[in-house]
Visitor: 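Next up is a structure, given as structure tokens.
Remember, it's a predicted structure, so these values are computed and weren't measured experimentally. Whatever order the structure lists them in is the order used to number ligands and atoms, beginning at 1. Below, each value reflects all heavy atoms present in this structure, side chains not excepted, and no hydrogens, waters or symmetry copies.
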Amino acid sequence: MATIPAERGLDSTPAFLRDGYRFVSARCDKHGSDIFATRLLLQRTICLRGRPAAELFYDTGRFVRAGAMPKRGQRTLTGVGGVQGLDDGAHTDRKGMFMSIMTPTAVRQLGQLFDDEWRARVPAWESGGPVVLFDEVGRMLTRAVCAWAGVPLPGSEVARRTADLEGMIGGPAAIGPRHWRGLLARRRAEHWAGDVIDRERVGTLSAPPGSALRVIAEHRDSTGRLLPRRIAAVELLNILRPTVAVDRYVVFAALALHDHPAWRDRVRGDDEATEHFVQEVRRYYPFFPVTAARVRRSFDWQGYHFPRGRRVLLDLYGTNHHPALWPEPERFRPERFVGWRDDPFGLVPQGGGEHWTGHRCAGEWITIELMKRAVTNLTGTMSYDVPPQDLAVRLSRMPALPNSGFVITNVRQTA
Ligand code: HEM
């Protein structure tokens, strides 16, 4: 049996926080291997990247999710008791609940609501000063997803709810104030979402059939029981929080249009080119660095031993930038998606494998739809200037974002 190349030193957590998205790849490059062993948060961990690794990682016969996500991630990002930490029948049942919401019609409806929000906002941008796209898009997405999900949201609450939904995302990889803000944001958001679930269940609200609120509030597990209020709140937030997080991808799309202006003309009015552009934004820009699982029972793979219970991290960012999969991975080239055959283990910004039976992101189609709507608006319905600003994206900051949040000026409606 071969020995997995190992990192020296007691624990790599400080290095992970320092190197961020490059942590796994930098060490894989050093060891000349797509697998290495280390300790993270004091636990022995195997890190993997690349297509064969993704295929292995998403084999639910070999890995489980229970106990895989560090507590600090659960307390901020995902919440405790949600779909991310379930396995086997309990996972399939809960995941089915999520996927039943994601019909093509529902996905288009959310896209339309976002579009309406965007168009309604442009006049204010025309008459106002500089616009920070990240802030604006976050609030538009909050309004759109709440309307879509059947969640009431008075205008006076939009900024507060957006801040909490955003705050949970920044929590897991932060130390100190940003982490504490994440904890607080989750506490407030779960309280709010729990109240909304209660009101739907007693009939004070009546969310439309098929909407996220209605489906989650009424979902019964295989024993016929409703989800406990707190779990239902966690799952409702598993719809609202990541939809608002698409604001980061919208900002990255705006940055890509700025850095590669030839693509503005290429995507305009061309749905296929827009899709290729959006896929390349998801591949190229950093979002989730890694995802975690535990070995279900011991097995050997490519001559390496994976002992039962060992934590394993799949490098999502590194797989999306793996040279064996993506020629010239550090170049932004949407044309690489022309004729691309959908590969569930090659493009993994939102996880890999199966949507229904595996842990692949439930909101991938929504993400693509919202990004396409944003790109269409940025190139087809308005003009704007991008003044000098700090557009640097630090790969050590998780989740990443251009420092300025992407400021635009001189906005004019063109269609
Ligand atoms: C902002 C863009 C998004 C990114 C980068 C993203 C990324 C991810 C990743 C990396 C995973 C974990 C995959 C794994 O552990 O193997 C995940 C899971 C999940 N995502 Fe997303 N996501 C996004 C948007 C969304 C949206 C819009 C929704 C819902 C409307 C959503 C709902 C979920 C759910 C419910 C899971 C858990 C799936 C499971 O454990 O079976 N995500 N996402």
Visitor: Can you tell me the protein heavy atom closest to atom 25 (C) of ligand 1 and the distance?
Guide: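 Of every protein heavy atom, Pro242 CB, 3.3 Å lies nearest to atom 25 (C) of ligand 1.
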Visitor: Is the shortest distance from a heavy atom of Arg248 to ligand 1 less than 4.0 Å?
Guide: no
Visitor: Would you say the rings of Phe287 and Tyr249 are close, in the sense that their centroids are separated by under 6.0 Å?
Guide: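 Judged by ring-centre distance (under 6.0 Å), Tyr249 and Phe287 do meet the cut-off.
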Visitor: Within a distance under 4.0 Å of any heavy atom of Gln84, pick out the atoms of ligand 1 and give their elements.
Guide: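 Those qualifying, in numeric order: 37 (C), 40 (O).
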Visitor: Distance under 4.0 Å to a non-hydrogen atom of Ile366: what atoms of ligand 1 satisfy this?
Guide: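 Near Ile366, the atoms of ligand 1 are 27 (C), 30 (C).
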Visitor: Measure the acute angle between the ring planes of Phe337 and Trp326, then classify it against the limits of 30° and 60° as parallel, tilted or perpendicular.
Guide: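 Tilted: the ring planes of Phe337 and Trp326 meet at 30° to 60°.
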Visitor: Measure up the Tyr284 and Phe332 rings against each other and bin them: parallel (under 30°), tilted (30 to 60°), perpendicular (over 60°).
Guide: perpendicular
Visitor: Looking at atom 14 (C) of ligand 1, what's its closest protein heavy atom, distance included?
Guide: Thr291 OG1, 3.3 Å
Visitor: Just distances here: any N/O of Tyr249 and N/O of ligand 1 closer than 3.5 Å?
Guide: no
Visitor: Tell me the closest heavy-atom pair linking Val132 and Gly405, and the distance in Å.
Guide: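 Heavy atoms only, the tightest pair is CG1-O, 3.8 Å.
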Visitor: Assess the side chains of Arg373 and Gln112: does a donor N or O sit below 3.5 Å from an acceptor N or O?
Guide: yes
Visitor: Does ligand 1 have an atom under 4.0 Å from some heavy atom of Glu364?
Guide: no
Visitor: Any nitrogen or oxygen of Thr367 lying under 3.5 Å from a nitrogen or oxygen in ligand 1? Just yes or no.
Guide: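 Between Thr367 and ligand 1 (N or O atoms, distance only) the closest approach is not under 3.5 Å.
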Visitor: If you take the nearest heavy atom of each of Cys361, Gly85, Pro399, which one is closest to atom 21 (Fe) of ligand 1?
Guide: Cys361
Visitor: So if I count the atoms of ligand 1 from 1 in the order they appear, which ones are less than 4.0 Å from some heavy atom of Asn238?
Guide: 29 (C), 32 (C)
Visitor: Indicate whether any N or O donor in one side chain lies under 3.5 Å from an N or O acceptor in the other, for Asp11 and Gln43.
Guide: no
Visitor: Is it true that the side chains of Glu136 and Trp125 contain a donor and an acceptor less than 3.5 Å apart?
Guide: yes
Visitor: Between Arg360 and Gln350, is any side-chain donor less than 3.5 angstrom from a side-chain acceptor?
Guide: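 Result is no, nothing qualifies.
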Visitor: With a cut-off of 4.0 Å, which atoms of ligand 1 are near a heavy atom of Gly358?
Guide: 41 (O)
Visitor: Which atoms of ligand 1 are found less than 4.0 Å from any heavy atom of Tyr58?
Guide: 13 (C), 14 (C), 16 (O)
Visitor: For atom 40 (O) of ligand 1, what's the nearest protein heavy-atom neighbour? Residue, atom name and distance, please.
Guide: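 Nearest protein contact, heavy atoms only, for atom 40 (O) of ligand 1 is His359 ND1, 2.7 Å.
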Visitor: Identify, for atom 36 (C) of ligand 1, the protein heavy atom at the shortest distance, and state residue, atom and that distance.
Guide: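 For atom 36 (C) of ligand 1, the nearest protein heavy atom is Ala362 N, 4.1 Å.
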Visitor: Would you mind checking which non-hydrogen protein atom is closest to atom 11 (C) of ligand 1, with the distance to 0.1 Å?
Guide: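 Result for atom 11 (C) of ligand 1: Gln350 O, 4.1 Å.
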Visitor: Counting from 1, what ligand 1 atoms have a heavy atom of Val246 closer than 4.0 Å?
Guide: 1 (C)
Visitor: Tell me which one of Trp365, Phe287, Trp356 gets a heavy atom nearest to atom 5 (C) of ligand 1.
Guide: Phe287
Visitor: Given that the side chain starts at C-beta and the backbone is N, CA, C, O, which of these parts of Leu316 lies under 4.0 Å from ligand 1, counting heavy atoms, or is it both or neither?
Guide: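 Contact part for Leu316 vs ligand 1: side chain (C-beta onward).
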Visitor: Indicate, as side chain, backbone, both or neither, the part of Pro349 found under 4.0 angstrom from ligand 1 when only non-hydrogen atoms are considered.
Guide: backbone
Visitor: If you draw the axis of the six-membered ring of Trp263, does the NZ or CZ of Arg266 fall within 45° of it and under 6.0 Å from the ring centre?
Guide: yes
Visitor: Does any donor atom in the side chain of Glu335 or His276 lie under 3.5 Å from an acceptor atom in the other side chain?
Guide: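 Short answer, no.
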Visitor: Counting from 1, what ligand 1 atoms have a heavy atom of Val83 closer than 4.0 Å?
Guide: 35 (C), 37 (C), 40 (O), 41 (O)
Visitor: Considering only non-hydrogen protein atoms, determine which one is nearest to atom 41 (O) of ligand 1 and report residue, atom name and distance to 0.1 Å.
Guide: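 Protein heavy atom at minimum distance: His91 NE2, 2.7 Å.
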Visitor: Answer yes if the side chains of Thr381 and Asn377 hold a donor-acceptor pair under 3.5 Å, and no otherwise.
Guide: yes
Visitor: Using distance alone, determine whether Arg360 and ligand 1 share an N or O pair under 3.5 Å.
Guide: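 So ligand 1 has no N or O lying under 3.5 Å from an N or O of Arg360.
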Visitor: Quick one: does NZ or CZ of Arg62 land under 6.0 Å from the six-membered ring centre of Phe299, within 45 degrees of the ring axis?
Guide: yes
Visitor: Tell me whether the rings of Phe23 and Phe16 are parallel (<30°), tilted (30 to 60°) or perpendicular (>60°).
Guide: perpendicular
Visitor: Verify the distance criterion only: is there a donor paired with an acceptor across the side chains of Ser404 and Gln389 at less than 3.5 Å?
Guide: yes
Visitor: Taking only heavy atoms of Thr243 into account, list the atoms of ligand 1 that are under 4.0 Å away from them.
Guide: 27 (C), 30 (C)
